[in-house]
Student: 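The following block contains the structure, expressed as structure tokens.
Protein chains get the first letters and strands the later ones, always in sequence-line order, with residue 1 at the start of each.
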2 protein chains.
Amino acid sequence: MATSCTQQQQEQMMEQFVTACRDAGLKVTHQRTEIYRQLINQPDHPTAETLHKRLLATLPTISLDTVYRTLTTLEDNGLVSRIQTAESQARFEAVYAAHHHLICSRCKRVVDFQWPVVDTLEPPADVADWGQIDSKTIVMYGVCNTCSNR
Amino acid sequence: MATSCTQQQQEQMMEQFVTACRDAGLKVTHQRTEIYRQLINQPDHPTAETLHKRLLATLPTISLDTVYRTLTTLEDNGLVSRIQTAESQARFEAVYAAHHHLICSRCKRVVDFQWPVVDTLEPPADVADWGQIDSKTIVMYGVCNTCSNR
DNA sequence: TTGACTGCAAACGATTTGCAATTGC
DNA sequence: GCAATTGCAAATCGTTTGCAGTCAA
């Protein structure tokens with residue numbers, strides 16, 4: 001599931017990221033590339049705070065506000081998505097293939113999974129009557145095996 | 001969809017609520033019953049603040065902290081659920097039949113819908129390997145017709 | 001060069017908490 | 001009567017913002 005990708009894939013994603021920034025009129029700053037790189041390097045849906053701590057290793061002067069500001073900017077441009085959980089802190093991930101989320105009620109870890117059948121399923125008529133759908137995500141809450149075996 | 005129920009159904013839900021509180025060892029206070037009544041009376045997924053404003057009509061001295069505290073207590077006891085949206089404020093609803101959520105990115109309104117096919121569908125093997133699932137909700141973001149026709 | 005971006009510090013808004021008074025059981 | 005619950009006020013926590021300096025284009 002939420003495995004990180006190969007070196008090659010990463011570099012490709014970074015190139016696409018730079019292009020996407022340019023296309024969106026966003027400056028390609030050191031902070032932005034490192035934030036995005038970190039998100040694809042360790043795709044475990046970190047909070048802004050966790051991400052900031054990790055980034056300090058590479059960018060010792062980066063501020064938490066910049067992390068927040070950058071994540072918001074990238075989200076506005078569809079490069080990052082914000083995951084709503086039952087926690088107080090938001091979690092973030094680089095946008096890529098359609099997927100869904102498993103959230104452990106104990107350790108709060110978020111794990112991705114695919115469910116192609118549902119992705120292609122036609123939503124009920126009620127939904128079509130309501131308006132236009134932009135995204136569709138399944139969120140399952142439960143207890144992961146690591147937590148329950150303890 | 002998110003229509004309120006009949007007078008009879010409401011009274012029945014209130015009775016069940018009182019029983020559930022007693023079973024859980026929770027005192028049946030005026031504030032708690034009014035909060036729950038309000039949630040089933042106007043099931044439009046209010047924020048704690050909205051709920052508090054509405055409650056002031058009936059309980060002029062109820063405090064916002066009590067609303068927060070009660071919602072958390074009821075959530076812990078499975079009587080209320082907290083809906084995560086992209087907003088800063090959480091939204092709440094009385095727990096009842098399985099349903100899913102449509103959220104309008106513009107007006108932020110949350111609408112319930114049913115999708116029985118998905119409810120009965122067997123999740124992929126990855127999910128079973130992960131752990132035990134307690135809840136499964138689909139969240140769709142989009143723009144409702146009211147907002148797009150403006 | 002110039003406007004976008006950053007870091008700093010201070011502000012903000014939603015939610016939580018300690019405490020004394022109150023209330024349900 | 002006693003423990004749980006409330007209202008009040010103050011604290012907390014995640015996140016946002018104003019500003020002056022910095023940096024990518």
Student: Output yes when a side-chain donor or acceptor of B/R91 lies under 3.5 Å from a complementary backbone atom of B/I83, and no otherwise.
Tutor: no
Student: Can you pull out how bent the helix from C/dT1-D/dA25 to C/dC25-D/dG1 is, comparing the axes over its first five and last five pairs, to 10°?
Tutor: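 Inter-axis angle at the ends, rounded: 40°.
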Student: Heavy atoms under 4.0 Å, any strand shown: does B/R22 hit a base, just sugar-phosphate, or nothing?
Tutor: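 Sugar-phosphate only.
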Student: Can you sort out the partners of A/E34 under salt bridge (charged side-chain N to carboxylate O under 4.0 Å, His left out), two or more places apart, ordered by chain and number?
Tutor: A/R37
Student: Counting only distance, no hydrogens or angles, is the base of C/dG7 paired donor-acceptor with the side chain of A/R69 under 3.5 Å?
Tutor: yes
Student: Under 4.0 Å between a side-chain N or O of B/R32 and OP1 or OP2 of D/dT5?
Tutor: yes
Student: Could you point out which residue of B/V18, B/T70, B/T66 forms a side-chain contact (heavy atoms from CB on, under 4.5 Å) with B/R32?
Tutor: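 For B/R32, the side-chain contact (heavy atoms from CB on, under 4.5 Å) check succeeds only for B/T70.
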Student: How long is the line joining NZ of B/K27 and P of D/dG1, in whole Å?
Tutor: 14 Å
Student: Rounded to the nearest 0.5 Å, what separates atom CG in B/D112 from atom OG1 in B/T137?
Tutor: 10.5 Å
Student: Expressed as a whole number of angstroms, how long is the span from A/L71:CG to C/dC5:P?
Tutor: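 Distance, rounded to whole Å: 15 Å.
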Student: Any Lys/Arg nitrogen of A/E87 or A/K108 sitting under 4.0 Å from an Asp/Glu carboxylate oxygen of the other?
Tutor: no
Student: Of the candidate nucleotides C/dT17, C/dG7, C/dG3, which contains the atom at the shortest distance from the side chain of A/Q31?
Tutor: C/dG7
Student: Return whichever of A/V67 or B/R91 has its heavy-atom-nearest nucleotide of DNA chain C closer to the 5' end.
Tutor: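 So the residue in question is A/V67.
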Student: Rounded to whole angstrom units, what separation is found between the CD atom of A/Q84 and the C1' atom of D/dT15?
Tutor: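 My rounded result for the distance is 13 Å.
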Student: Quick one: is C/dG7 close enough that its OP1 or OP2 comes under 4.0 Å of any side-chain N or O from A/S63?
Tutor: yes
Student: When you check the phosphate oxygens OP1 and OP2 of C/dT6, does a side-chain N or O of A/T29 lie under 4.0 Å from one of them?
Tutor: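 So the side-chain polar atoms of A/T29 do come within 4.0 Å of the phosphate oxygens OP1 or OP2 of C/dT6, strictly under.
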Student: Could you tell me if the side chain of A/L71 sits less than 4.5 Å from the side chain of A/L51, heavy atoms only?
Tutor: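 Result yes, sub-4.5 Å side-chain heavy-atom pair found.
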Student: Are B/S88 and C/dG13 close enough that a side-chain N or O sits under 4.0 Å from OP1 or OP2?
Tutor: no
Student: Between D/dT15, C/dG7, D/dC8, which nucleotide gets closest to the side-chain atoms of A/A48?
Tutor: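 The answer is D/dT15, which lies nearest to the side chain.
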Student: Would you kindly give the CD1-to-C1' distance between A/I35 and C/dG7, to the nearest whole Å?
Tutor: 13 Å
Student: Counting heavy atoms from C-beta on, name the nucleotide in C/dA14, D/dG7, C/dT6 closest to the side chain of B/Q89.
Tutor: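 Of C/dA14, D/dG7, C/dT6, C/dA14 is nearest to the side chain of B/Q89.
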Student: Nearest whole angstrom, please: distance from the P of D/dT12 to the OH of B/Y68.
Tutor: 18 Å
Student: Mind telling me whether B/H99 and B/Y96 have parallel, tilted or perpendicular rings, with 30° and 60° as the class edges?
Tutor: parallel
Student: Mind calculating the distance between CG (B/L64) and C1' (D/dA11) to the nearest angstrom?
Tutor: 15 Å
Student: Taking atom C1' of C/dT16 as reference, at what distance in whole Å does atom CG of B/D76 sit?
Tutor: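 Rounding to the nearest Å, CG of B/D76 and C1' of C/dT16 are 13 Å apart.
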Student: With a 6.0 Å cut-off (strictly less than), is the heavy-atom count around CZ of A/R54, excluding the residue itself, greater than 12?
Tutor: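 Count over threshold, so yes.
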Student: Counting any heavy atom closer than 4.0 Å, what does B/T61 reach on the DNA or RNA strands: base, sugar-phosphate only, or nothing?
Tutor: sugar-phosphate
Student: Rounded to the nearest angstrom, tell me the gap between atom CD in B/E49 and atom C1' in C/dT16.
Tutor: 16 Å
Student: Between C/dT6, C/dC8, C/dT15, which nucleotide has the shortest distance from any of its atoms to the side chain of A/D65?
Tutor: C/dC8
